[in-house]
Amino acid sequence: MNPIPFNKPFMTGRELWYIAQAHTNGHLSGDGQFTKKCHAWLEQSTGAKRALLTHSCTAALEMAALLAELEPGDEVIMPSYTFVSTANAFVMRGAVPVFVDIRPDTLNLDESKIEAAITPRTKVILPVHYAGVACEMDTIMEIAERHGLIVIEDAAQGIMSTYKGRPLGSIGHLGAYSFHETKNIIAGEGGALLVNDPKLAERAEIIREKGTNRSQFFRGQVDKYTWVDIGSSYLPGEVIAAFLWAQMEEADYITARRLALWDHYHATLAPLEAEGRLRRPVVPDGCQHNAHMYYILLDSLEQRTQVLARMKQQGVNCVFHYVPLHSAPYGIQHSRHHGAMDNTDHLSDRLLRLPLWVGLEEQQERVLRALREAL
Ligand SMILES: *Cc1c(COP(=O)(O)O)cnc(C)c1O
């Protein structure tokens, strides 16, 4: 039997046609017709003041770090249980990640532990919406407002998810999406910055265009285009945008199919949770998720290692993540944590992700059978 891959990128069928159109249009660099379509779709579907495609979520987070005007030594409160880019984008500005523990139910930043970690150097709170399930944003926004802090949402996994009806990435001052091939809506490598605070919109465009006012020039708002600020090249070319547009057109369809797979895992594994053999993901009231990920929590690192190996023997590829950033070699030297990190340390050892991709339907029973046997 063929092995079941952990991830398999889904194509809607129109990607190559749109790429051919981009070529026919004679515009392959950034900000052509397909980029404009993607921007409009993101702005309409999220309500963001400005959406800007980037090369990656990492690039969008780097732009956010520039927009936050961090000075060396400024502090950014974030979870340690996250992808390395969440921290690196800010460390590159000389800022210091300050990690607080995660909630045991959603594995998201524990909002009740944020306030105690705030110091006079704190500038940013950075919630990561793990598995496309929202952080407790009302509380986080309220704390930020009271302390005059910027909120940057790492919504890399959060496209099409909502918190109390509001799209993830559109709630803080800034939000970052990923279109990496392992995410729900993909472009290979790709991302977007959502600018929700209108005061940051103009500077975001400039930073993305190498520190020039090129966007204003093309809109006829200034009569020459020149170097006005720091910046870099953060915009993708039209080939990427054309691919991405085909995906955005089918975002509802992709999300619905993923949700059906997620719901099937969740229903089938309920009896195993009732028997105390694993723990299933928790989605709080008011959070509509996007089925980015299905994970289970096992009893121990040893058991996880064993289950992973047995699944692989049966041709089912599962993965785990993350090495908590506060315990990674670079993190130990360049960050600190506030308070105990018990949930981060223990949950990251016990988490196992099951395959979830559009097209898995015919083989999902095989995954579930292998899991039951492995347990
Ligand atoms: C995938 C991911 C990123 C990075 O996204 P890229 O587009 O690969 O740069 C950042 N943060 C989180 C939480 C992610 O899951």
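One-based numbering, in listed order, for ligands and for the atoms of each.
In terms of protein heavy-atom proximity, atom 3 (C) of ligand 1 is closest to Phe83 CD2, 3.5 Å. From the protein, the heavy atom lying nearest to atom 11 (N) of ligand 1 is Asp154 OD2, 2.8 Å. In terms of protein heavy-atom proximity, atom 9 (O) of ligand 1 is closest to Thr58 OG1, 2.5 Å. Of the protein's non-hydrogen atoms, the one nearest atom 15 (O) of ligand 1 is Gln157 NE2, 2.8 Å. The closest protein non-hydrogen atom to atom 7 (O) of ligand 1 is Ser178 OG, 2.7 Å. The nearest heavy-atom contact from the protein to atom 12 (C) of ligand 1 is Ala156 CB, 3.4 Å.
Atoms of ligand 1 found under 4.0 Å from any heavy atom of Gly190 (numbered from 1 in listed order, with element): 7 (O). Below 4.0 Å from some heavy atom of Lys183 lie the following atoms of ligand 1, by number and element: 1 (C), 2 (C), 14 (C), 15 (O). The atoms of ligand 1 that sit less than 4.0 Å from any heavy atom of Val128 are 13 (C).
Side-chain atoms of Gln288 and Tyr163 include no donor-acceptor pair closer than 3.5 Å.
Residue Gln364 qualifies as enclosed at atom CD: its count of foreign heavy atoms under 6.0 Å is above 12. The neighbour count for Glu71 CD, taken as heavy atoms of other residues, nucleotides or ligands under 6.0 Å away, does not exceed 12.
Annotation: the span from Lys164 atom NZ to Asp285 atom CG amounts to 10.0 Å, rounded to 0.5 Å.
At a 3.5 angstrom cut-off on N or O pairs, Leu61 does not count as close to ligand 1.
Nearest heavy atom pair, residue Ser178 against residue Lys183, reads OG-CG, 3.5 Å.
Taking hydrophobic clusters as Ile, Leu, Val, Met, Phe, Trp and Tyr residues chained together by side-chain heavy-atom distances below 4.5 Å, Val358 shares a cluster with Ile159.
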From CA spacing to verdict: side-chain hydrogen bond (donor to acceptor under 3.5 Å, both in side chains), Thr182, Asn7
CA-CA 7 Å; Thr182 52; Asn7 182 55; 5.6 Å; no

